[in-house]
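Naming convention: chains lettered A, B, ... in sequence-line order (proteins, then strands); numbering from 1 in each chain.
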Amino acid sequence: MPELPEVEIVRQSLDKNIKQKKVKKVIIRNKNLRFKLPTHFKNFLENKKITRVTRFSKYIILNLPKNEFCIIHLGMSGTLHLIKDKNKNNLTNLSFYNSPLLPKNHNHIEIIFNKFKVVYNDPRRFGFFQLIKTIKNLNKRFSHLGPEPFDKKFNVKYFKNFIKNKKKKVKDLLIDQKFVSGIGNIYVSEILFLSKINPYKKVNLLNKKECNIIIENSKTILLKAIKKGGSSIRDFKNTEGSKGNFQDSFKVYQRNGLNCKRIGCKGIITKKVIANRSTFFCNTCQN
DNA sequence: AAGAGGCCCTGATAGC
DNA sequence: TGCTATCAGGGCCTCT
């Protein structure tokens with residue numbers, strides 16, 4: 001489900017609701033996520049205060065006291081739900097668990113606070129939670145990832161240097177998290193459309209100007225998506241159940257067979273599989 | 001060593 | 001109605 005904008009929306013609503021709140025209880029209903037939950041998961045979190053909720057790339061970071069962290073990755077289908085307990089403090093109340101706001105199945109983890117709880121749901125279980133005990137280890141955890149698009153480090157010099165001796169397709173480059181982290185399969189199509197660059201273009205053929213355009217448009221698209229609350233294809237919602245609106249702004253994603261939206265272009269949006277993922281582009285105005 | 005491709009998993013939808 | 005096939009926002013691993 002989530003690329004950087006959706007994860008940021010989840011982070012914002014999480015931070016608003018659980019910052020400075022103490023975890024009362026953790027219930028693990030299924031520990032077999034992408035990585036098996038460590039045995040001390042429950043003990044690690046219980047009775048600790050969440051100092052704040054931050055994010056790097058597509059990872060949510062629950063900051064705990066004494067430089068301890070719990071990172072959450074939503075994979076393809078993970079969602080976090082904020083459920084308020086109308087019956088106040090009764091943590092074992094069944095109606096609280098069976099909230100109509102929750103999906104019926106795959107509610108794997110519940111983090112219970114006073115009068116509300118956060119529930120992690122993930123049908124495909126590609127998501128995961130990991131515990132990290134020092135800042136050093138937190139940095140190490142993300143060390144293989146490239147800068148976010150907003151980072152000053154994501155500049156032309158870095159770009160040109162990275163693509164040196166590489167011949168992969170530009171679509172493949174932009175979803176490579178080692179190059180730039182946070183862009184996923186939806187936004188790469190939108191960024192390349194805005195840049196008028198064909199997703200098949202080999203990176204060794206990109207000139208400096210094109211690199212610059214990609215850098216700028218990556219920021220533009222992701223920021224716009226964040227402003228619109230993310231993209232709700234299928235069923236993305238923030239923790240409080242509101243949908244995003246950026247899907248209404250898609251120029252190419254899932255628009256195969258439809259007219260190109262670029263003014264003056266008579267092209268038709270095409271869908272092709274690149275790097276094992278559906279890719280959408282106009283083969284008239286994207287060269 | 002870069003790049004292509006497969007795999008982890010469940011559910012929704014399309015096609016017969 | 002009910003079967004099977006295909007596809008889905010990610011990331012990691014293996015093979016060539």
Side-chain angles (χ1 to χ4, degrees), chain A residues 1-11 29-37 55-60 71-80 102-108 120-130 141-146 148 161-192 199-205 218 221-222 225-226 228-238 243-250 252-257 271-280:
Chain A
M1 166 196 66
E3 302 181 33
L4 189 152
E6 290 73 36
V7 177
E8 172 59 16
I9 295 304
V10 171
R11 183 204 70 77
R29 298 187 186 277
N30 184 354
K31 57 180 180 299
N32 298 307
L33 303 183
R34 173 169 193 137
F35 306 119
K36 196 169 180 173
L37 280 187
R55 180 190 58 72
F56 178 72
S57 182
K58 303 172 190 173
Y59 299 78
I60 292 164
I71 62 174
I72 306 172
H73 196 290
L74 303 173
M76 289 279 256
S77 58
T79 46
L80 287 164
L102 281 175
K104 281 205 179 68
N105 302 313
H106 310 296
N107 297 310
H108 305 310
Y120 179 70
N121 183 283
D122 188 357
R124 296 178 74 181
R125 285 183 281 119
F126 288 170
F128 57 84
F129 286 59
Q130 285 179 327
R141 178 63 182 78
F142 299 132
S143 62
H144 66 295
L145 297 174
E148 289 195 349
N161 186 53
F162 192 94
I163 63 180
K164 210 182 289 172
N165 304 321
K166 291 194 173 68
K167 288 178 183 156
K168 63 163 85 178
K169 302 171 187 78
V170 62
K171 146 70 187 263
D172 215 340
L173 177 77
L174 290 182
I175 56 167
D176 179 357
Q177 306 296 300
K178 290 194 268 309
F179 171 59
V180 58
S181 54
I183 298 172
N185 200 48
I186 292 179
Y187 295 111
V188 66
S189 281
E190 296 298 321
I191 290 163
L192 289 174
Y200 282 98
K201 186 155 187 167
K202 296 283 201 294
V203 294
N204 55 322
L205 301 177
S218 299
I221 292 283
L222 296 190
I226 292 169
K228 297 220 169 191
S231 302
S232 293
I233 74 169
R234 282 175 207 291
D235 216 15
F236 168 76
K237 288 174 182 162
N238 68 21
K243 287 191 173 189
N245 290 315
F246 191 73
Q247 66 281 4
D248 303 332
S249 306
F250 287 166
V252 288
Y253 190 77
Q254 287 187 335
R255 293 196 66 253
N256 43 317
K271 174 182 172 177
K272 296 279 183 197
V273 174
I274 304 175
N276 267 322
R277 305 209 117 90
S278 294
T279 308
F280 302 83

A:K166 to A:F162 six-membered ring, cation-pi geometry met (6.0 Å, 45°):
yes
Checking side-chain polar atoms at under 3.5 Å, does A:N256 have a donor or acceptor matched by the opposite partner on A:K272?
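The criterion, which ignores hydrogens and geometry beyond distance, is not satisfied for A:K272 and A:N256.
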Is it the case that the side chains of A:Y187 and A:S231 hold a donor-acceptor pair, with the cut-off being a distance below 3.5 Å and no angle test?
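Checked: A:S231/A:Y187 side chains pair up, N/O donor to acceptor below 3.5 Å.
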Nucleotide interval of DNA chain B bounded by contacts with chain A (heavy-atom cut-off, under 4.0 Å):
B:dG3 to B:dG11
Please work out the stems of DNA chain B from pairs that are Watson-Crick or G-U wobble with both distances under 3.5 Å, keeping only runs of three or more consecutive pairs.
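Counting only runs of 3 or more consecutive pairs, the stems involving DNA chain B are B:2-8 with C:10-16, B:10-16 with C:2-8.
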For A:I175 and C:dG9, what is the distance between atoms CD1 and P respectively, to the nearest whole Å?
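Taking CD1 of A:I175 and P of C:dG9, I get 10 Å after rounding.
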Using atom P of each nucleotide, how far apart are C:dT6 and B:dG6 to the nearest Å?
13 Å
Is there a side-chain contact between A:I226 and A:I9 (heavy atoms, below 4.5 Å)?
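Side chain of A:I226 against side chain of A:I9, heavy atoms only: contact under 4.5 Å found.
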Of A:R124 and A:V203, the one whose closest DNA chain B nucleotide lies more 5':
A:V203
Could you tell me whether A:N185 contacts a base, only the sugar-phosphate backbone, or nothing, with contacts defined as non-hydrogen atoms closer than 4.0 Å?
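A:N185: backbone/sugar contact only, no base atoms under 4.0 Å.
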Can you find a side chain N or O atom of A:S278 that sits less than 4.0 Å from OP1 or OP2 on C:dA8?
yes
I want to check one thing: is the phosphate of C:dA8, taken as OP1 and OP2, less than 4.0 Å away from some side-chain N or O of A:K271?
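Yes, A:K271 has a side-chain N/O under 4.0 Å of OP1/OP2 on C:dA8.
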Is the A:F142 ring parallel, tilted or perpendicular to the A:F56 ring (thresholds 30°, 60°)?
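Tilted.
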Aromatic ring pairing A:Y59/A:H73, orientation class (parallel under 30°, perpendicular over 60°, tilted between)
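Ring orientation, 0 to 90° scale: perpendicular.
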Going through the distances and angles, do A:Y120 and A:F129 end up as a ring-ring contact (aromatic ring centres under 6.0 Å, His included)?
CA-CA 10 Å; A:Y120 179 70; A:F129 286 59; 5.0 Å; yes
